[in-house]
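Below, each value reflects all heavy atoms present in this structure, side chains not excepted, and no hydrogens, waters or symmetry copies. Within every chain, numbering begins at 1; the chains are lettered A, B, ... in the order of the sequence lines, protein sequences first and strands thereafter.
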2 protein chains.
Amino acid sequence: MQNKLFDFIAKYIALTEDEKNALLSLNLFHSLKKGSVLLKEGQYSNESFFVLKGCIRTYYMIDGEEKTTAFYTEMDAFTPSCVISKTPSDYFISCIEDSILTISNADMEAEVNSKFPKFELMCRKLSEELLAKQRIDFDEFKTSSPEERYLNLLQKRPDLIQRVPQHQLASYLGIKPQSLSRLRSRILEKKN
Amino acid sequence: MQNKLFDFIAKYIALTEDEKNALLSLNLFHSLKKGSVLLKEGQYSNESFFVLKGCIRTYYMIDGEEKTTAFYTEMDAFTPSCVISKTPSDYFISCIEDSILTISNADMEAEVNSKFPKFELMCRKLSEELLAKQRIDFDEFKTSSPEERYLNLLQKRPDLIQRVPQHQLASYLGIKPQSLSRLRSRILEKKN
DNA sequence: ATAACCCGTTCACTTAAGTTAAGAAATACC
DNA sequence: GGTATTTCTTAACTTAAGTGAACGGGTTAT
């Protein structure tokens, strides 16, 4: 499981054994049960996550309804926006499945960054890459219909459709659960 | 105009006079006429932008129609995703108004970053901040209707509604120009 | 075993966005 | 200054999403 973390980091920088050991000494690895809540609306946090196994989601509570806006699965890194803005969180984060994550906090990162400046470089590259990817995702969302978004998701993240409840997928696609259900049966009809 | 750039940088790191002069020697400042195209679909680029004055937009050409997905105005920094992914651009970038931008390229940035490591820190902070902000924007987009998005934009970026053509705003809101026009008149009716 | 609850689907109805077309208003061009 | 082009609005019609309600299957709890 540790190797998954190092494989991920290797995409951005090369680590020495010393640096790997320094990371391992931080005790980053955590197991979490399905349904565990990592962050609640209104809370402050300075923790960042990296998913080794399982799936976590972010969701807003609006008019008593959950609105799921993002899923993070194996090899996804994620820093909640409230950590960056230093404001109370607007959303919840919870585990959809039993999961194994690394959880780091801003202090750890500051320490590692000062000890090993190349981590700074990794963080920059990673943020830039995630920003660019998210921009593309956002653009695709804006320029397509709910049905196109669903078909697009089917291509790009077919696992999500299997492992995530429909009503959570619906808000991820920007629609209501009933509409997703209808849209799916419409697609099935077309195939026949 | 140079001070605008330094004011922006000052939000992230403190610069010495030497560092400021090093930046100025790079000849970053450019004036562009309304309608100038900065990047075309299919092109490679390694240029990043910072808007000192004016407005630029990104747009896709889909089925012969322009789909505008983003606007960048005064004090906005922007690196196209194709610069990060090193692939041909999926979209166009052009000036909506006569504009003054700084245009830097990856080589310049590498040089500055190696001369002044604190620039690396600035880039990381900036990317993280933009990523967090964009996440919030995306979430708001997903969880609201076209009408709510329009009203939200009216609050957050009222200038855009004045300076940007309606049909470009429409695709930015994820709808057709006719729908935006109708939606606006619907809102006016409600007020009376 | 039964009840309570959650989830996904379906249906009928409402509302709003997409589409096509036409015309008015504003802007750009010669 | 007048013409051409683009932009915005309006309208009628189509299509799809939102809403509220009901049903069945499945799980959980008691």
Hey, which sits more toward the 5' end of DNA chain C by its nearest nucleotide, B:K34 or B:S145?
-> B:S145

With a non-hydrogen cut-off below 4.0 angstrom, is B:P177 in contact with a base, only sugar-phosphate, or nothing?
-> nothing

The nucleotide from C:dT10, D:dA17, C:dC7 with an atom nearest the side chain of A:Q178 is C:dT10

Can you check whether A:F71 and A:Y172 have ring centres sitting under 6.0 Å from each other?
-> yes

Interatomic distance where CG belongs to A:L173 and P belongs to D:dA16 [whole Å] | 17 Å

Rounded to the nearest Å, what distance is computed from the CG atom of residue B:L169 to the C1' atom of nucleotide D:dT9?
-> 15 Å

Tell me what A:P165 touches on the nucleic acid: a base, only sugar-phosphate, or nothing, going by heavy atoms under 4.0 Å.
-> sugar-phosphate

For B:K142 and D:dG18, what is the distance between atoms NZ and P respectively, to the nearest whole Å?
-> 14 Å

Keeping the roles fixed (side chain from A:E66, backbone from A:Y60), state whether a donor-acceptor pair exists under 3.5 Å.
-> no

Between C:dA17, C:dT9, D:dC8, which nucleotide gets closest to the side-chain atoms of B:L183?
-> C:dA17

Is there a side-chain polar atom (N or O) of B:H167 under 4.0 Å from OP1 or OP2 of D:dT6?
-> no

For B:L180 and C:dT19, give me the distance from atom CG to atom P, rounded to whole Å.
-> 15 Å

Are B:K86 and B:Y44 in a cation-pi contact, defined as NZ or CZ under 6.0 Å from the six-membered ring centre and within 45° of the axis?
-> no

Starting at CZ of A:R186 and ending at C1' of C:dC11, how long is that distance when rounded to a whole Å?
-> 15 Å

So does A:R182 reach the base of C:dG8 with its side chain, donor to acceptor, closer than 3.5 Å?
-> no

D:dT10 C1' sits how many Å from B:R184 CZ, rounded?
-> 14 Å

B:S181 vs D:dT9: side-chain N/O to OP1/OP2 distance below 4.0 Å = yes

So, A:S48 and A:S104: side-chain donor and acceptor under 3.5 Å apart, yes or no?
-> no

Want to settle it: does B:S185 or A:K176 sit nearer the 5' end of DNA chain D, counting the closest nucleotide to each?
-> B:S185

Report the distance from atom CD of B:E148 to atom C1' of C:dA16, rounded to the nearest whole Å.
-> 13 Å

Is the closest side-chain donor-acceptor distance between B:T68 and B:R57 under 3.5 Å?
-> yes

Interatomic distance where CD belongs to A:E189 and C1' belongs to C:dT9 [whole Å] = 13 Å

